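Some notes on the structure that comes next.
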Amino acid sequence: MAIADDLKKTLTDPTPLYFAAGTADLAVQQAKKVPALIEQLRAEAPARIEAVKNTDPKAVQEAVTAKVTGVLGSIDPKKLGETAQDLALRGVGVAAEYAVRAKETYDKVAEHGEQTVRAWRGEVAEEIVDIAGAVEPEPAQEPAQEPAPAEASAEPAGEEKPAAKKPAARRTAAKKAAAETGEEA
């Protein structure tokens with residue numbers, strides 16, 4: 001039964017779809033930047049091509065040879081095994097870090113996709129109404145029974161209690177009852 005529950009959860013989880021929508025929206029945003037980049041490359045390309053043409057291949061070869069010789073000359077055969085093990089451990093740490101970053105990025109893109117889908121559907125406005133409802137809660141429902149007269153006499157003699165407003169549910173119930181009996185509420 002657990003396999004069926006896991007499968008149901010996997011198939012009903014909208015996160016991958018939100019990720020796809022977020023990716024598509026981000027791709028569209030980046031695609032809008034392409035024409036400006038093409039113009040920039042078109043403007044810079046002749047200077048770069050000319051610089052490559054004027055470069056002496058022998059000078060490049062000598063610079064690369066000197067760097068390779070310096071790197072190979074600094075290698076100590078005794079420490080090579082330790083260095084390899086150290087690099088392997090660092091690689092594992094880096095891989096774990098990248099996995100965490102990938103998950104964070106996935107979640108961010110999925111969240112962006114969810115917001116994009118809501119905007120496509122027009123649900124952003126509905127969410128604002130929900131937030132407004134949370135900020136301004138509806139008045140609390142009063143108990144069904146009327147307050148006892150003893151509570152009214154507990155008020156100080158010099159103060160008057162403001163007239164209580166009937167909650168919407170009680171007004172509706174009173175109107176329905178009055179309509180059934182033919183009286184006005």
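We count residues from 1, following the sequence as given. For clarity, every value in this text was computed on a predicted model and none was experimentally measured.
Taking 4.0 Å as the cut-off between side-chain N and carboxylate O, Asp107 and Lys103 count as a salt-bridged pair. Salt bridge status for Glu104 with Lys108: absent, with no side-chain N to carboxylate O gap under 4.0 Å.
The line from CD of Gln61 to CG of Asp56 is 10.0 Å long, rounded to the nearest 0.5 Å. The distance from the CD atom of Glu39 to the CG atom of Leu41 is 9.5 Å, given to the nearest 0.5 Å. Remark: Gln30 CD to Thr23 OG1 distance equals 12.0 Å, nearest 0.5 Å. Once rounded to the nearest 0.5 Å, the distance linking CD of Glu111 with OG1 of Thr116 reads 10.5 Å.
The environment of Gln29 atom CD is dense: over 12 non-hydrogen atoms of other residues, nucleotides or ligands sit within 6.0 angstrom.
Side-chain contact, Gln40 with Glu44: a donor N or O sits under 3.5 Å from an acceptor N or O.
Applying the ring pair (Phe, Tyr, Trp, His ring centres under 6.0 Å) test to every pair with at least one member in residues 10-34, sequence neighbours left out, gives these pairs: Phe19-Tyr106.
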Between Asp5 and Lys9, is a salt bridge (charged side-chain N to carboxylate O under 4.0 Å, His left out) present by the stated rule, with each step listed? CA-CA 6 Å; Asp5 291 341; Lys9 181 181 175 185; over 6 Å; no

After noting the C-alpha distance and the side-chain angles of Gln115 and His112, does the key distance pass the side chain to side chain contact (heavy atoms under 4.5 Å, CB included) rule? CA-CA 5 Å; Gln115 296 301 322; His112 178 80; 5.6 Å; no

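Hydrophobic clustering (ILVMFWY, side-chain heavy atoms < 4.5 Å, transitive): Val64 and Leu72 are in one cluster.
For Asn54 (side chain) and Glu50 (main-chain N/O), a donor-acceptor pair under 3.5 Å exists by modelled atom type.
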